[in-house]
There are 2 protein chains.
Amino acid sequence: MTDAIEKTPHHHGNLRAALIESGVSILIEDGLSKLTLRRCAARAGVSHAAPAHHFNGVAGLRAAISEEGFRIFRNYMLDARNNAGSNAHERLKAICRGYIYFAIDNPALFELAFSIKVIGDLQTKPETDTVAVGYDVLRETCAPFVPENGDPFIVESQVWSLIHGYATLQLTGRFGGTTPEHPCGPGFDQVISLLDHLPVLRGT
Amino acid sequence: MTDAIEKTPHHHGNLRAALIESGVSILIEDGLSKLTLRRCAARAGVSHAAPAHHFNGVAGLRAAISEEGFRIFRNYMLDARNNAGSNAHERLKAICRGYIYFAIDNPALFELAFSIKVIGDLQTKPETDTVAVGYDVLRETCAPFVPENGDPFIVESQVWSLIHGYATLQLTGRFGGTTPEHPCGPGFDQVISLLDHLPVLRGT
DNA sequence: CATTTTAAATTGACAGTGTCAACTTTACAG
DNA sequence: CTGTAAAGTTGACACTGTCAATTTAAAATG
């Protein structure tokens with residue numbers, strides 16, 4: 001094949017990465033219920049027990065795929081924010097749009113990522129990536145609304161709760177479908193307008 | 001038909017109800033991943049294939065247990081609201097507390113109930129019980145904040161998104177644990193304070 | 001009351017699934 | 001060149017959902 005470009009360091013080359021990639025594809029094509037160790041193995045062209053040498057059971061595989069999902073998720077928010085103006089409220093709504101776009105584009109990946117229980121405490125260690133890669137984007141974008149010497153977690157948790165609740169309720173079909181006019185669903189602007197009340201306390 | 005409620009009308013009596021009850025117990029004791037047709041059957045003392053005559057596969061069993069969960073869920077909100085004053089904001093925060101109490105007391109049941117995709121549209125048919133038993137409680141409690149001849153769905157979706165997002169993020173361990181001082185988690189009051197901005201537009 | 005009919009439940013089978021132990025292959029260190 | 005340990009395979013086991021065939025028992029019918 002193209003082994004001339006990169007040599008194969010092991011038997012397969014890099015099976016761990018290949019299994020994660022297979023898992024993401026299965027997630028997109030067949031949904032969360034079809035994401036199994038054996039299917040990932042078959043798709044990657046290895047035996048059914050090969051993944052055991054790279055992940056700690058099916059939970060480990062799901063966690064690894066979830067991490068990959070969070071990275072994609074973070075890019076969605078960054079892209080949306082980059083396409084917004086410099087206004088603090090516009091930037092905040094932009095990452096919310098990115099949040100919903102990711103959930104709608106990758107529902108199974110979103111469901112997987114947020115179905116995994118977190119061990120640590122986010123308020124204690126907000127910088128921990130295992131909790132949620134992409135939290136830094138939320139923190140940055142919420143900063144203009146945090147009082148001087150105030151606790152940033154207050155605004156962050158308000159925004160996160162609102163947008164995450166909308167995303168999950170939208171994804172489970174409780175807020176109506178999406179249309180070209182309303183790619184985030186018909187209720188998105190109305191729900192997100194609750195954040196208009198947040199006062200800008202720190203200059204751009 | 002109803003000639004003998006207490007007598008056993010069929011072989012088992014009322015296997016369907018017994019299976020649902022078994023399922024709720026399994027959910028509470030062992031978690032969502034252990035909720036299987038065969039376990040419910042074994043717990044109810046019947047053969048592994050008996051549930052097939054009462055539910056449409058495992059999805060049917062989960063849907064039936066979910067319905068039961070929504071009824072309990074609704075009672076949580078009603079109880080909380082009954083223990084609140086007549087102030088519109090107090091009543092709104094009360095059902096939010098009931099929402100979180102249910103999620104924390106019955107995490108697996110909460111997860112199951114909101115993991116099921118809804119077919120219909122809630123905005124089109126808000127009165128449909130299959131979408132969410134208990135939506136009537138939300139509608140009633142949000143009514144004071146809805147403008148005359150306004151769309152009630154706006155405020156309802158704002159409140160629902162905020163509280164549901166907080167519930168799921170709390171349940172997945174992203175907002176820290178609960179303490180006797182903060183039975184809904186340390187961030188609950190802060191998040192819910194976002195609803196203080198809602199103006200009361202219709203008298204009690 | 002006896003017989004037929006039909007719903008309820010059982011049994012057995014099959015294809016998947018996760019997980020473990022034992023085995024084979026192969027890359028790399030010495 | 002050889003030994004070793006990692007990487008991957010094979011086979012097995014206990015689960016799972018689902019289906020077909022069967023038995024059981026309640027209800028309907030004559």
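Sequence lines set the chain letters: A, B, ... in the order given, protein chains first and strands last, and positions in each chain run from 1.
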Tell me the salt bridge (Lys or Arg N to Asp or Glu O under 4.0 Å) pairs involving [range], sequence neighbours left out?
{"range": "residues 176-196 of chain B", "result": "Lys93(B)-Asp196(B)"}
{"range": "residues 70-90 of chain A", "result": "Glu67(A)-Arg71(A), Glu68(A)-Arg71(A), Arg74(A)-Asp136(A), Arg81(A)-Glu140(A)"}
{"range": "residues 159-169 of chain B", "result": "none"}

When the side chains of residues 99-107 of chain B are checked against the rest of the protein, which donor-acceptor pairs come out under 3.5 Å, sequence neighbours left out?
| from | atom 1 | to | atom 2 | distance (Å) |
| --- | --- | --- | --- | --- |
| Tyr99(B) | OH | Trp160(B) | NE1 | 2.8 |
| Tyr99(B) | OH | His164(B) | ND1 | 2.8 |
| Asp105(B) | OD2 | Tyr76(B) | OH | 2.8 |

Applied to residues 16-28 of chain A, the side chain to side chain donor-acceptor pair (under 3.5 Å) test, sequence neighbours excluded, yields none
Which residues pass the ring-ring contact (aromatic ring centres under 6.0 Å, His included) test with His89(A), sequence neighbours left out?
Phe145(A)
Under the ring-ring contact (aromatic ring centres under 6.0 Å, His included) rule, collect the residues that match up with Phe188(A), sequence neighbours excluded.
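Expected list: Tyr166(A).
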To the nearest Å, give me how far apart [atom1] ([X]) and [atom2] ([N]) are.
{"X": "Leu15(A)", "N": "dA6(D)", "atom1": "CG", "atom2": "P", "value": "16 Å"}
{"X": "Leu32(A)", "N": "dT17(C)", "atom1": "CG", "atom2": "P", "value": "14 Å"}
{"X": "Arg16(B)", "N": "dA9(C)", "atom1": "CZ", "atom2": "C1'", "value": "17 Å"}

List, one per line, each side-chain donor-acceptor pair under 3.5 Å for residues 42-52 of chain A, sequence neighbours excluded.
| from | atom 1 | to | atom 2 | distance (Å) |
| --- | --- | --- | --- | --- |
| Arg43(A) | NH1 | Glu29(A) | OE1 | 3.1 |
| Arg43(A) | NH2 | Glu29(A) | OE2 | 3.0 |

Report each atom pair, protein N/O against N/O of nucleotides 24-26 of chain C, whose distance is under 3.5 angstrom.
| from | atom 1 | to | atom 2 | distance (Å) |
| --- | --- | --- | --- | --- |
| dT26(C) | O4' | His11(A) | NE2 | 3.1 |

Acceptor/donor pairs from residues 31-41 of chain B side chains to any protein atom, 3.5 angstrom cut, sequence neighbours excluded:
| from | atom 1 | to | atom 2 | distance (Å) |
| --- | --- | --- | --- | --- |
| Thr36(B) | OG1 | Arg39(B) | N | 3.1 |
| Arg39(B) | NE | Lys34(B) | O | 3.4 |
| Arg39(B) | NH2 | Asp30(B) | OD2 | 3.3 |

Of the residues in residues 52-63 of chain B, which ones touch DNA chain D at a heavy-atom distance under 4.0 Å?
Gly57(B), Val58(B)
Counting only non-hydrogen atoms, which of residues 35-49 of chain A are less than 4.0 Å from DNA chain C?
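Thr36(A), Leu37(A), Arg38(A), Arg39(A), His48(A), Ala49(A) - these, ordered by number, are the residues of the stretch whose heavy atoms sit under 4.0 Å from the strand.
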Between Gly85(A) and Arg91(A), which heavy-atom pair has the shortest distance, and what is it?
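Nearest pair, atom of Gly85(A) first, then Arg91(A): O-CG, 3.3 Å.
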